[in-house]
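Notes to accompany the following structure.
Within every chain, numbering begins at 1; the chains are lettered A, B, ... in the order of the sequence lines, protein sequences first and strands thereafter.
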Amino acid sequence: MQSETSVLTDKKVTKRSKALHKGWKKELIAYAFISPWLLGFLGFIIGPMIASLYLSFTDYDMLSSPSWVGLQNYITMFTDDSRFWTSLKVTFTFVFISVPFKLAFALFVAMLFVKARRGVGLYRSVYYIPSIVGGSVAVAVMWKQLFGREGAINGILSYFGIEGQNWIASPDYALSTLIILVVWQFGSPMLIFLAGLKQIPTELYEAAAVDGASKFSQFFKITIPMLTPVIFFNLVMQMISGFMTFTQSFLITAGGPLDRTLFYAVYLYEKGFTHFQMGYASAMAWILLIIVAVFTALIFKSSSAWVYYESEGGK
Amino acid sequence: MKQTKSDIFFHVFVIGFGLLMIYPIFWTLASSLKPESDIFKNAASLFPSEFKWDNYALGWAGFGDITFGTFFLNSSIVTVLVVIGTLISSTLVAFGFARLHFKFKRVLFVCLLATIMLPHQVTLIPQYIMFHKIGWVNTFYPLVVPAFIGGVPFFIFLMVQFIRGIPRELDEAAIIDGCSTFGIFWNIILPLTKPALATVAIFSFYWTWDDFMTPLIYLNDTKLFTVSLGLRLFSDPSAVTAWGPLFAMSIASLIPTFLIFLFFQKHLVEGVATTGIK
């Protein structure tokens, strides 16, 4: 009798341990699948982030070992570095002007292409071309020459009897040329808007037309509200990439003239890789992280007030 | 009648505005064929006074004994490896997140999403120091290795979303048939994710081919330069800029981009529209 129960419990135990073993094995397989990312996340993201935070409190030129300076980098940045403030001003100006213009253009063009007509597919592709070449050095070279003193823009202006100038080298216009460059690359938000516009049921417009709503009020009462999730997405993505803009400014204007296009990322690069002030550059990176996080959080927080989801559950 | 009138207006407007959009690209192409004097005198014109094909030969000859052939080869090696690495890592990881259960899955997925928005400047400096210490500066490793460990979390997210859309019944049927987890991934999921794979491959190609900052930081030896860095050599302030050859090589650098656009336009446009790639 006794032995019988013990056999029974033994059986139970082995069964349970088998199940446990299976679960453990399953877990291991799952971790094996995500291991490439996990490795990268720990070694290339979390590790460097901790290191970066530590470095931001040090003086480090990569020759001697880092020396702890406490909050000194941050204090210098805020109280004694006018170029830091200049780079912030330039970057904010750039983001606050280029993002709304880019999105407005993208939406305008998407509305043109939403109705199926002959040639729309081709047009859509043509309008997308500037965006696919966007970040390349070739485009930077092209822009530099187009807006130069002897460039094509001035050539065209002279047809109209307007005498141009060296737009790239002008403290008043250099930033504007870079803004025009990114607005010109409105292709991706345009395609995303287009996909969003196609999701809006046509019945809504038909019903509104029957009620005698004008195109204008249809746009503001139907199109915009139905499109808010897409506007939200485009806004977040464009804002983040706006804050990190580097290549265009670095190559076209080199931050100049008079620091008028000294983007934050360009200044950070200069501090880190030209002056080898790795501690200071790390502190700058953390300020950038905080700025991006705050803006993203603000947009997310505000979204409940203006982003409309058709099915609240389907968010 | 009214319909055709508005149609004509539409086409005229769209074509006119479209020409304005691609004028800079045509202009670069035209300038790559112009003699030096033309580039400045006839700046706005799209028609060279004479076709100077030499610009391409002169540009290709490059600097010293390093031709643009070297830069193109370097860019190709880096780009192909990055695309392969991205495809392998992002599909494996995405399958894990979309289909398998494991402890801390939720937390880790939130981490993945958060890194999409992380400015790369934050990790740039420690990563540079790390690569510097292990002697990887002036090699392709810092450009290529991150791709194999899920370097662009957005691609993983995109694949996760795509795999979630594939019916689970397929997996369950395969399990009943005695298929292993890897078997399900390899035989069931992978073949069905082809459209998403195409999108990921194209964009990782574009971003790597065009990337300027990473090679700028890690490569010092001209022999290792990618096309982006090669183009920049032309506008080195210490050298007299040869505009014709510079434009010729700019156009050459865009050719792979345009070829892919031509062949995979549909995947590309749909990929952006449905997944919201930048």
Chain A contact via [X] - side chain, backbone, both or neither, heavy atoms under 4.5 Å:
X       : value
M117(B) : both
F131(B) : side chain
K105(B) : neither
S228(B) : both

Pairs of heavy atoms under 4.5 Å with chain A: top-ranked of [options]:
options                          : answer
I156(B), I15(B), I217(B)         : I217(B)
L254(B), V14(B), I22(B), L118(B) : V14(B)
L216(B), L20(B), T28(B), I251(B) : L216(B)
F148(B), F261(B), F185(B)        : F261(B)
M213(B), Q265(B), R99(B)         : M213(B)
Y206(B), F97(B), F10(B), W243(B) : F10(B)

How many angstroms lie between atom [atom1] of [X] and atom [atom2] of [Y], to the nearest 0.5 angstrom?
X       : Y       : atom1 : atom2 : result
D210(B) : T247(A) : CG    : OG1   : 9.0 Å
M21(B)  : I129(A) : CE    : CD1   : 9.0 Å
T115(B) : F41(A)  : OG1   : CZ    : 6.5 Å

Checking [X] against chain B: side chain, backbone, both or neither under 4.5 Å from a heavy atom?
X       : result
T296(A) : side chain
M62(A)  : side chain
F193(A) : neither
Q145(A) : both
L289(A) : both
L268(A) : side chain
V236(A) : side chain
V292(A) : side chain
V120(A) : side chain
Y31(A)  : side chain
F243(A) : neither

[X] versus [Y]: any side-chain heavy-atom pair under 4.5 Å?
X       : Y       : result
Q248(A) : F212(B) : no
F102(B) : L28(A)  : no
L124(B) : F273(A) : yes
I149(B) : W37(A)  : no

- Message: Sub-4.5 Å heavy-atom contacts with chain A: which residues of residues 87-96 of chain B show up?
- Response: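 Checking residues 87-96 of chain B against chain A gives S89(B), L92(B), V93(B), F95(B), G96(B).
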
Please name the pair of heavy atoms, one in [X] and one in [Y], separated by the smallest distance, quoted to 0.1 Å.
X       : Y       : value
I25(B)  : V133(A) : CD1-CG2, 4.3 Å
Y127(A) : G18(B)  : OH-N, 3.2 Å
M278(A) : I125(B) : SD-CG2, 3.5 Å
Y123(A) : H11(B)  : OH-ND1, 2.8 Å

- Message: Only heavy atoms, only distances under 4.5 angstrom. Which residues in residues 146-154 of chain A are near chain B?
- Response: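 Interface residues of residues 146-154 of chain A: L146(A), E150(A), G151(A), A152(A).
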
Most contacts with chain B, counted as non-hydrogen pairs under 4.5 angstrom, among [options]:
options                            : answer
G196(A), A138(A), A281(A)          : A138(A)
G121(A), A30(A), G155(A)           : A30(A)
P130(A), A195(A), S136(A), A293(A) : S136(A)
P36(A), G134(A), G40(A)            : P36(A)
G119(A), S125(A), S282(A), G272(A) : S125(A)

- Message: Taking the ring centre of each residue, are F108(A) and F17(B) less than 6.0 Å apart?
- Response: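 No, the ring of F108(A) stays outside the 6.0 Å limit from the ring of F17(B), centre to centre.
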
- Exceeds 12 heavy-atom contacts within 6.0 angstrom, atom CZ of F26(B):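 12 or below, so no.
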
Let me have the donor-acceptor pairs involving side chains of residues 45-58 of chain A, under 3.5 Å, with sequence neighbours excluded, atom names and distances please.
unit_1: S52(A); atom_1: OG; unit_2: W286(A); atom_2: NE1; d: 2.8
unit_1: S52(A); atom_1: OG; unit_2: V122(B); atom_2: O; d: 3.3
unit_1: S56(A); atom_1: OG; unit_2: L53(A); atom_2: O; d: 2.7
unit_1: S56(A); atom_1: OG; unit_2: Y74(A); atom_2: OH; d: 2.8
unit_1: T58(A); atom_1: OG1; unit_2: L55(A); atom_2: O; d: 2.7

- Message: Per the side chain to side chain donor-acceptor pair (under 3.5 Å) rule, what does the pair list look like for residues 116-132 of chain B, sequence neighbours excluded?
- Response: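 Found none.
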
